[in-house]
2 protein chains.
Amino acid sequence: MFSKACEYGIKATIYIAVKSMRQERVSLKEIAEEVNSPVAFTAKILQSLAKSGIIDSHKGPTGGFQIEEAKIDTIKLHDIVHAIDGDKIFVGCGLGLEQCDANQPCPVHDKFVGIRNNLKVMLQNTSLYELATGLDIGLTHLKR
Amino acid sequence: MFSKACEYGIKATIYIAVKSMRQERVSLKEIAEEVNSPVAFTAKILQSLAKSGIIDSHKGPTGGFQIEEAKIDTIKLHDIVHAIDGDKIFVGCGLGLEQCDANQPCPVHDKFVGIRNNLKVMLQNTSLYELATGLDIGLTHLKR
DNA sequence: TTTATTTAGGATAATTTTGTCCGAAATAAA
DNA sequence: TTTATTTCGGACAAAATTATCCTAAATAAA
Ligand code: FES
Ligand code: FES
């Protein structure tokens, strides 16, 4: 469904959000540990999320990653997925035709667009805030 | 969403079904052309679909692939996807945890299982027959 | 100013997925 | 029986994704 990069990116962002809600910055090393992801690969993903403006990064001692608290409520899961995996999952054809077109539909088009839209709506309606809160109160988990 | 192998496999199976409804066998070469897929790669996929019992294969002149007509109605999209991509898409965790477990849910679990189940139900309820019929009457297309 | 710490970024490697090549086996027709 | 045709199956290659390594740049603290 999502790429590994996207899975790591989502988990990392949620973890950063939890810490940011306590006004704490968090280092790459800590993130990778808590999210159970390869450190250097996670670094790349965070770098790109920082360029996308979803997270903030700071170099040097006391450096690390954080998210503007006001943003935590407005950032949606959709934004993270879109930043990492692009929009193929939202607009692409289920059978890989160059583009999904209702006027020249593939055999699964009618059945597929519904599912694809469910996913899109879900991701658009899910805020980073609620994901982070669930993790913070111990309702959900980032590793096993 | 689906792997390339799965996309090719679905399209190929639908095409074979259309021909089988006319009691015609169809060659690998013809399938790959009509489905717009790489010939040799498609051969591998068809080989595995044949082993899974979804399609029948015959060697030699007049050989090719076909599907038992009685089966066309009972084969569901789910069967094809499962044969090629396995069950990860149906039971796997949206964030890549080793296993999806409602007792130790990841942050997206509650939101994700709904989508995942929508997809599963859709695939289980979609018969090869209806997909093949739509293609046969020119309502849908396998390439662009 | 020096040092220690942390992210940035480029090069490289490993793994998985996608795709190719070719000879063997089967089989129908000549 | 010979030949032509078609799938089977194994080895191999290319491309994409995932992952590592190392040096540079920034920056906070000593
Ligand atoms: S054309 Fe294939 S999903 Fe729309
Ligand atoms: S635990 Fe992640 S989707 Fe169920």
Side-chain angles (χ1 to χ4, degrees), chain A residues 1-13 15-16 19-20 24-67 81 84-86 88-89 92 95-96, chain B residues 1-13 15-16 19-20 24-33 35-67 81 83-86 88-89 92 95-96:
Chain A
M1 182 76 87
F2 305 124
S3 68
K4 276 290 167 197
C6 197
E7 290 176 0
Y8 297 151
I10 293 170
K11 292 196 280 187
T13 304
Y15 184 73
I16 297 168
K19 293 292 188 161
S20 293
E24 284 177 33
R25 241 178 228 168
V26 60
S27 74
L28 165 66
K29 199 182 144 201
E30 180 181 340
I31 293 168
E33 264 163 19
E34 293 299 321
V35 158
N36 203 26
S37 60
V39 180
F41 190 38
T42 305
K44 300 291 186 197
I45 299 159
L46 293 178
Q47 213 175 129
S48 102
L49 285 172
K51 279 190 180 171
S52 306
I54 292 175
I55 64 179
D56 296 326
S57 69
H58 295 272
K59 294 179 182 175
T62 78
F65 299 90
Q66 71 190 121
I67 303 176
V81 172
I84 301 175
D85 279 350
K88 208 187 123 195
I89 195 168
L95 295 187
Chain B
M1 184 76 85
F2 305 124
S3 67
K4 276 292 168 196
C6 198
E7 291 176 359
Y8 297 150
I10 293 170
K11 291 195 281 187
T13 304
Y15 184 72
I16 297 168
K19 291 293 187 159
S20 293
E24 284 176 34
R25 239 177 229 171
V26 58
S27 74
L28 165 65
K29 199 182 145 202
E30 180 181 340
I31 294 168
E33 264 163 20
V35 157
N36 204 25
S37 60
V39 180
F41 191 37
T42 304
K44 300 292 188 195
I45 298 160
L46 293 177
Q47 210 174 131
S48 103
L49 285 172
K51 279 190 179 170
S52 305
I54 292 176
I55 65 179
D56 296 325
S57 68
H58 294 272
K59 294 180 182 173
T62 78
F65 298 90
Q66 72 191 119
I67 304 176
V81 172
I84 301 175
D85 280 350
K88 209 189 125 197
I89 196 169
L95 296 187

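Sequence lines set the chain letters: A, B, ... in the order given, protein chains first and strands last, and positions in each chain run from 1.
The CG atom of A/Asp56 sits 11 Å away from the P atom of C/dA8 (whole-angstrom rounding). One atom, CG of B/Leu49, and another, P of D/dG9, lie 14 Å apart when rounded to the nearest Å. Separating the CG atom of A/Leu28 from the P atom of D/dA19 is a distance of 14 Å, rounded to the nearest angstrom. In this structure, A/Phe41 places its CZ atom 18 Å from C1' of D/dC22, rounding to the nearest Å. For the pair B/His58 NE2 and C/dA28 P, the interatomic distance rounds to 9 Å; values are reported in whole Å. Across the protein-nucleic acid pair, B/Ile84 atom CD1 and C/dT17 atom P stand 14 Å apart, rounded to whole Å. The nearest whole Å value for the distance from the NZ atom in A/Lys51 to the C1' atom in C/dA8 is 8 Å. Atom CD1 of B/Ile45 is separated from atom C1' of C/dT20 by 13 Å (rounded to the nearest Å).
Only one option out of B/His58, B/Lys19, B/Glu24 pairs with B/Gln66 in a side chain to side chain donor-acceptor pair (under 3.5 Å); it is B/His58.
Between A/Gly63 and A/Ala5, the one whose closest nucleotide on DNA chain D sits nearer the 5' end is A/Ala5. Across the interface with DNA chain C, nearest-nucleotide mapping of B/Pro38 and B/Arg25 shows B/Pro38 to be the residue nearer the 5′ end.
With both pairing distances under 3.5 Å, D/dA30 is matched to C/dT1 as a Watson-Crick or G-U wobble pair.
With hydrogens and angles disregarded, a donor-acceptor distance shorter than 3.5 Å links the side chain of B/Asp85 to the backbone of B/Ser3.
For the pair B/Val39 and B/Lys29, the minimum side-chain heavy-atom distance is 4.5 Å or more.
Phosphate proximity of C/dT6 to A/Ser57: absent, as no side-chain N or O sits under 4.0 Å from OP1 or OP2. Put simply, A/Lys44 has no side-chain N or O that comes within less than 4.0 Å of OP1 or OP2 on C/dT7. The side chain of B/Tyr8 contributes an N or O atom lying less than 4.0 Å from OP1 or OP2 of C/dG19. Side-chain nitrogen and oxygen atoms of B/Gln47 include none within less than 4.0 Å of the OP1 or OP2 phosphate oxygen of D/dT7.
Closest contact between the side chain of B/Ser27 and the listed nucleotides C/dA8, D/dT7, D/dC21 involves D/dT7. Among the nucleotides D/dT18, D/dC8, C/dA28, the one closest to any side-chain atom of A/Ser3 is D/dT18. For B/Thr62, counting side-chain heavy atoms from C-beta on, the closest listed nucleotide (C/dG9, C/dA28, D/dT18) is C/dA28.
Distance check, rounded to the nearest 0.5 Å: OH of A/Tyr8 to CG of A/Asn36 gives 8.0 Å. For the atom pair B/Ile16 CD1 and B/Leu28 CG, the distance stands at 9.5 Å (nearest 0.5 Å).
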